[in-house]
Number of protein chains: 2
Amino acid sequence: MGLSKIEKFTAEQNEMAKLAKALGHPARIAIIQFLVKTKSCVCGDIVDELPLSQSTVSQHLKELKTAGLIKGTIDGPSVCYCINDVTWQKAKAMLGDLFESYVSTNSCC
Amino acid sequence: MGLSKIEKFTAEQNEMAKLAKALGHPARIAIIQFLVKTKSCVCGDIVDELPLSQSTVSQHLKELKTAGLIKGTIDGPSVCYCINDVTWQKAKAMLGDLFESYVSTNSCC
DNA sequence: AACATTTATCGTAAAATTACGATTAAGAGA
DNA sequence: TCTCTTAATCGTAATTTTACGATAAATGTT
């Protein structure tokens, strides 16, 4: 069906999946890395940095924005993008907890 | 086109995206959480735990296995699944580094 | 006002994802 | 051997994702 049955899972599981999914594309990883590295964060700079068309980059930015990982503010004719601190910390905490919840054991596999 | 241009990005970006993408579905988050919680990790138990059909769960397990996050060993007629320690630590480190690379600043947005 | 720049959206197409039932394959037990 | 259990794979369908060019919207400039 192509549509995940999100109503069957917990809000936490859906939230974590949403955040992880937003990071589940190399272009979006590249965007995040670029935003972390440079504080400038003008949309055009991101487009120049990525090997993708302007419209495709715009689409990736939209997905990151929808997930809440970044935010954009209009700055004259251009748009200034940057990491959304609140959601970023939440993602860091949620995924960090998941990773730390596993402690290495030689139980079966 | 539906096919991401992975050849345009760095190996690191592709690796991080692959790992994040594997976690980008609530069912797969639920599987991971279950594997962390229980050490038993028999495939049938996972199927019983999730609100999805056996074939769908099998598909999700395959994706997690392809990403390297879990591994399965045949145990008689059933299969024992568990976290793949090596890749898990790698994912933890890579995504952890990404999250920590951002330091809160009130530069523009 | 006309024009240029910047970015979002629209339209489109190919491919991947999600999901399920049905079937197959492999091993355990009678 | 035949049967049962378990799990992977196949076939199929709907939806989403990825990508691009073209167009539109918004702002700044001349």
Side-chain angles (χ1 to χ4, degrees), chain A residues 1-9 13-14 17-18 20-31 34-35 40-67 70-82 108-109, chain B residues 1-9 13-14 17-18 20-31 34-35 40-67 70-82 108-109:
Chain A
M1 287 153 186
L3 177 54
S4 54
K5 315 177 85 179
I6 59 167
E7 70 281 352
K8 301 288 194 71
F9 299 95
Q13 287 164 344
N14 283 313
K18 195 181 80 175
K21 191 177 186 178
L23 296 174
H25 192 288
R28 295 194 287 270
I29 291 287
I31 290 171
F34 186 73
L35 288 181
S40 65
C41 57
V42 182
C43 177
D45 293 349
I46 301 170
V47 173
D48 292 343
E49 191 77 0
L50 297 199
L52 298 169
S53 72
Q54 180 266 321
S55 60
T56 302
V57 172
S58 190
Q59 240 177 160
H60 283 301
L61 287 168
K62 191 181 181 182
E63 280 175 72
L64 284 169
K65 205 164 64 176
T66 300
I70 65 171
K71 56 183 173 179
T73 53
I74 297 166
D75 176 29
S78 57
V79 174
C80 175
Y81 277 107
C82 63
C108 47
C109 310
Chain B
M1 288 157 185
L3 179 54
S4 53
K5 316 178 87 180
I6 60 168
E7 69 280 357
K8 300 288 193 69
F9 298 95
Q13 286 164 344
N14 282 315
K18 195 181 79 174
K21 190 176 186 177
L23 295 175
H25 192 287
R28 296 195 286 270
I29 292 286
I31 290 171
F34 186 72
L35 288 181
S40 66
C41 56
V42 182
C43 177
D45 292 348
I46 301 168
V47 174
D48 292 343
E49 192 77 359
L50 297 197
L52 298 168
S53 73
Q54 181 266 321
S55 59
T56 302
V57 172
S58 189
Q59 239 177 163
H60 283 301
L61 286 169
K62 190 181 181 182
E63 279 177 71
L64 285 170
K65 204 162 67 177
T66 300
I70 66 171
K71 55 183 173 179
T73 53
I74 298 167
D75 177 28
S78 57
V79 176
C80 176
Y81 277 107
C82 62
C108 48
C109 311

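First the proteins, then the strands, lettered A, B, ... as listed; each starts at 1.
Look at NZ on A/K65: it is 10 Å from C1' on C/dT7, rounded to the nearest Å. Atom CG in B/L64 sits roughly 16 Å away from atom C1' in D/dA7 (whole-Å rounding). The CD1-C1' distance, from A/I46 to C/dA8, rounds to 14 Å in whole Å. Taking atom NZ on A/K18 and atom C1' on D/dT17, their separation rounds to 17 Å, with Å as the unit. Protein atom NE2 of B/H25 is 11 Å distant from nucleotide atom P of D/dT17, rounded to whole Å. Between the C1' atom of D/dT16 and the CZ atom of A/R28 lies a distance of 12 Å, rounded to the nearest Å. The distance from atom NZ of B/K62 to atom P of C/dA19 is 16 Å, rounded to the nearest whole Å. Atom CG in A/L50 sits roughly 14 Å away from atom P in D/dT18 (whole-Å rounding).
Under the side chain to side chain contact (heavy atoms under 4.5 Å, CB included) criterion, B/A27 pairs with A/F9, B/H25, B/L50, B/L52, B/H60, not counting sequence neighbours. With sequence neighbours excluded, the residues satisfying side chain to side chain contact (heavy atoms under 4.5 Å, CB included) with A/K65 are A/I70, A/Y81. A/S53 is linked by a side chain to side chain contact (heavy atoms under 4.5 Å, CB included) to A/S55, A/T56, counting only residues two or more places apart in sequence or in another chain. With sequence neighbours excluded, the residues that form a side chain to side chain contact (heavy atoms under 4.5 Å, CB included) with A/K71 are A/C82, A/N84, B/C109.
In terms of heavy atoms, A/A22 sits closest to A/L64 at O-CD2, 3.7 Å.
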**Q.** B/I46 and B/V57: CA distance, side-chain angles, deciding distance, side chain to side chain contact (heavy atoms under 4.5 Å, CB included) verdict
**A.** CA-CA 8 Å; B/I46 301 168; B/V57 172; 4.0 Å; yes

Given protein heavy atoms under 4.0 Å, the one-letter contact record of nucleotides 22-30 of chain C, with B base, S sugar-phosphate only and - none, is simply B----SS--

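Here B/V42 lies in heavy-atom contact (under 4.0 Å) with sugar-phosphate atoms only. Across all strands shown, A/Q59 has heavy atoms under 4.0 Å from base atoms, whether or not it also approaches the sugar-phosphate.
At D/dT6, none of the side-chain N or O atoms of B/S78 fall inside 4.0 Å of OP1 or OP2 (strictly under the cut-off). The phosphate of C/dC20 has OP1 or OP2 within less than 4.0 Å of a side-chain N or O from B/S53. An OP1 or OP2 oxygen of D/dT17 is reached within less than 4.0 angstrom by a side-chain nitrogen or oxygen of A/K21.
Mapping B/C43 and A/E63 onto DNA chain D by nearest heavy atom places B/C43 at the nucleotide closer to the 5' end. In terms of position along DNA chain D, the nucleotide closest to B/V79 lies nearer the 5' end than the nucleotide closest to the other residue of the pair A/H60 and B/V79.
Listed by first then second residue, pairs satisfying salt bridge (charged side-chain N to carboxylate O under 4.0 Å, His left out) with a partner in residues 41-64 of chain B read B/R28-B/E63, not counting sequence neighbours.
Checking D/dC20, C/dC20, C/dT9 against the side-chain heavy atoms of A/S58 singles out C/dT9 as nearest.
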